[in-house]
K.L.:
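Have a look at this one before I ask anything.
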Number of protein chains: 2
Amino acid sequence: MRKSKRTRLKAAGWVVGSVKEFLGLSEADTALIEMKLALSQSLRDRRKKQGLSQVQLAERLQSSQSRVAKIEAGDPSVSMDLLVSSLLILGASSADLAKTIRGGEKRKGPHAA
Amino acid sequence: MRKSKRTRLKAAGWVVGSVKEFLGLSEADTALIEMKLALSQSLRDRRKKQGLSQVQLAERLQSSQSRVAKIEAGDPSVSMDLLVSSLLILGASSADLAKTIRGGEKRKGPHAA
DNA sequence: TGACGCCATGTCAGATATGACATATGATCC
DNA sequence: GGATCATATGTCATATCTGACATGGCGTCA
């Protein structure tokens, strides 16, 4: 994704589904954003399932509460690397991540991780 | 992953499989690296399958040949975001990415290596 | 031999992400 | 009300990533 788009995205708070062609996003752009949103949701679910607060998770990640909040909020300032490694630290397997990433698109069994 | 580790990793050129505990990598660290390597391999395969040179791919990605080389080489300086968006631009679907990410680890069908 | 195409590797300025901090909101309890 | 906890949001210095450029290796062809 190019910087110009990312900038507009940041300005708009990237509301994906709704403002797709409004921002002139490519298929690749939206796909990436959707993957990230799915991952952030997954992280929040995992954290809650483990009964952790954002502060506690931040400790495990060796980060800060504010960053955890941004991760879960799908903030554009959060990289995929951070999302994925956070999930891994919370115990997600590659298969779990794969399921999450595949997203809504043709999922098999009941819902995902 | 922490910076200290990334630094050592960079220094070592991150040879994953072999120097795992030598660098004191956690499970999450190695899992992330393996995912990235799988993605970079996948990118190279896709590019070749489409008969593109690194220069041509760089044009599509609006990047440079050297970065494409680093992406495919699994260089530590390449983020997951770049890997994924590159693959998406080459036409990979979320499902394709999911398959790649799931990696060797317990794939269904006939047994994998 | 030289010229050319393809890929690898090093470097660097500028762009982006990160952790940390401050601060704000809302909920709950006393 | 006040205190406490969980979460959100803004800012900022520093760390990291990115594209671009230079250069070198390697094979091929004339």
Side-chain angles (χ1 to χ4, degrees), chain A residues 1-15 28-29 32-33 36-37 39-41 43-87 89, chain B residues 1-15 28-29 32-33 36-37 39-41 43-87 89:
Chain A
M1 197 186 319
R2 319 287 282 318
K3 294 117 192 195
S4 59
K5 284 183 185 172
R6 312 192 107 187
T7 302
R8 278 181 294 163
L9 220 44
K10 183 154 197 172
W14 83 17
V15 194
D29 289 339
L32 181 62
I33 291 174
K36 283 184 159 194
L37 287 179
L39 290 170
S40 62
Q41 256 309 117
L43 183 75
R44 174 161 297 191
D45 292 348
R46 254 176 203 281
R47 175 177 65 80
K48 297 211 160 168
K49 209 159 266 174
Q50 299 190 23
L52 297 173
S53 69
Q54 291 185 342
V55 172
Q56 292 174 308
L57 175 54
E59 284 165 11
R60 290 210 198 177
L61 301 182
Q62 307 192 86
S63 178
S64 57
Q65 178 268 326
S66 59
R67 188 133 298 271
V68 171
K70 288 182 217 292
I71 293 174
E72 294 186 350
D75 189 291
S77 84
V78 174
S79 75
M80 192 138 179
D81 292 72
L82 187 57
L83 277 165
V84 170
S85 54
S86 298
L87 277 163
I89 288 178
Chain B
M1 198 188 316
R2 317 290 284 316
K3 293 115 191 198
S4 58
K5 283 183 186 171
R6 313 192 105 188
T7 302
R8 277 181 295 162
L9 221 44
K10 183 155 198 171
W14 82 16
V15 194
D29 288 339
L32 181 61
I33 291 173
K36 283 183 159 194
L37 287 180
L39 290 170
S40 61
Q41 256 310 117
L43 184 74
R44 173 161 298 192
D45 292 348
R46 257 177 199 279
R47 174 177 66 81
K48 298 211 160 168
K49 208 159 267 175
Q50 300 191 21
L52 298 173
S53 70
Q54 291 185 342
V55 172
Q56 292 174 309
L57 176 53
E59 283 165 12
R60 288 210 198 176
L61 303 182
Q62 307 193 86
S63 179
S64 56
Q65 177 268 326
S66 59
R67 186 131 301 269
V68 171
K70 288 181 218 292
I71 294 175
E72 294 186 348
D75 190 291
S77 85
V78 174
S79 75
M80 192 137 180
D81 292 72
L82 187 58
L83 277 166
V84 171
S85 52
S86 297
L87 277 163
I89 288 178

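To find a chain, count down the sequence lines: A is the first, B the second, and so on, and within it residues start at 1.
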K.L.:
Please tabulate the protein-to-nucleotide N/O contacts below 3.5 Å involving nucleotides 26-30 of chain C, giving atom names and distances.
P.N.:
none

K.L.:
Whole Å only: how far is the NZ atom of B:K36 from the P atom of D:dC17?
P.N.:
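Going from B:K36 (NZ) to D:dC17 (P), I get 7 Å.
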K.L.:
How long is the line joining CD of A:Q54 and C1' of D:dC5, in whole Å?
P.N.:
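So the two atoms are 12 Å apart, to the nearest Å.
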K.L.:
Might you work through the side-chain contact (heavy atoms from CB on, under 4.5 Å) test for A:V78 and A:S40, ending with a clear yes or no?
P.N.:
CA-CA 10 Å; A:V78 174; A:S40 62; over 6 Å; no
K.L.:
Can you tell me how far P of C:dG5 sits from CD of B:Q56, to the nearest Å?
P.N.:
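Rounding to the nearest Å, CD of B:Q56 and P of C:dG5 are 12 Å apart.
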K.L.:
To the nearest 0.5 Å, how far apart are CG in B:L39 and CD1 in B:I71?
P.N.:
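Between B:L39 CG and B:I71 CD1, I get 11.0 Å after rounding to 0.5 Å.
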K.L.:
Just how far, in rounded Å, is C1' of C:dC7 from CG of B:L43?
P.N.:
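Those two atoms, CG and C1', are 14 Å apart.
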K.L.:
If you restrict it to nitrogen or oxygen atoms, what contacts under 3.5 Å exist between nucleotides 21-23 of chain D and the protein, and what is each distance?
P.N.:
{"from": "D:dC21", "atom 1": "N4", "to": "B:S66", "atom 2": "OG", "distance (Å)": "2.5"}

K.L.:
When you measure from the side chain of B:A69, which nucleotide among D:dA8, D:dT18, C:dT9 comes out closest?
P.N.:
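Out of D:dA8, D:dT18, C:dT9, the nucleotide with an atom closest to B:A69's side chain is C:dT9.
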K.L.:
Quickly work out the A:D75 CG to C:dT16 C1' distance and round it to whole Å.
P.N.:
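A:D75 atom CG is separated from C:dT16 atom C1' by 12 Å.
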K.L.:
Should B:R47 be listed as having a side-chain N or O under 4.0 Å from OP1 or OP2 of C:dC6?
P.N.:
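Negative; the distance criterion is not met.
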K.L.:
Closest heavy-atom contact between A:R46 and A:L87?
P.N.:
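That would be CD-CD2, 3.8 Å.
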K.L.:
What closest approach, in Å, do A:A58 and A:S64 show between heavy atoms, and which atom pair accounts for it?
P.N.:
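What the structure gives for the nearest pair is CB-C, 3.4 Å.
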K.L.:
D:dT16 P sits how many Å from A:L82 CG, rounded?
P.N.:
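Going from A:L82 (CG) to D:dT16 (P), I get 13 Å.
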K.L.:
Could you tell me which non-hydrogen atom of A:G74 sits nearest to which non-hydrogen atom of A:L37, and how far apart they are?
P.N.:
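Of all heavy-atom pairs spanning A:G74 and A:L37, the closest is CA-CD2, 4.0 Å.
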K.L.:
For B:I71 and C:dT9, what is the distance between atoms CD1 and P respectively, to the nearest whole Å?
P.N.:
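About 14 Å, once rounded to whole Å.
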K.L.:
Would the distance check show the side chain of B:E72 and the main-chain N or O of B:A69 forming a donor-acceptor pair, the cut-off being under 3.5 Å?
P.N.:
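A pair under 3.5 Å: no.
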K.L.:
Is the phosphate of D:dG19, meaning OP1 or OP2, less than 4.0 Å from a side-chain N or O of B:S63?
P.N.:
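True: B:S63 side-chain N/O within range (under 4.0 Å) of D:dG19 OP1/OP2.
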K.L.:
Checking side chain to side chain contact (heavy atoms under 4.5 Å, CB included) against B:R67, which of B:D75, B:L82, B:L61 comes through?
P.N.:
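It is B:L82, the one option of B:D75, B:L82, B:L61 that forms the side chain to side chain contact (heavy atoms under 4.5 Å, CB included) with B:R67.
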K.L.:
If you compare all heavy atoms of B:K70 against all heavy atoms of B:S77, which two are closest, and at what distance to 0.1 Å?
P.N.:
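In this case the closest contact between B:K70 and B:S77 is CD-OG, 4.1 Å.
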K.L.:
So, is A:S79 near the phosphate of D:dC17, with a side-chain N or O under 4.0 Å from OP1 or OP2?
P.N.:
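It does not, given that no N or O in the side chain of A:S79 lies less than 4.0 Å from OP1 or OP2 of D:dC17.
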K.L.:
Can you name the closest pair of heavy atoms from A:M80 and A:K36 and give their distance?
P.N.:
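Residues A:M80 and A:K36, closest heavy atoms: N-CE, 3.8 Å.
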K.L.:
Quickly work out the A:Q62 CD to C:dG19 P distance and round it to whole Å.
P.N.:
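Those two atoms, CD and P, are 10 Å apart.
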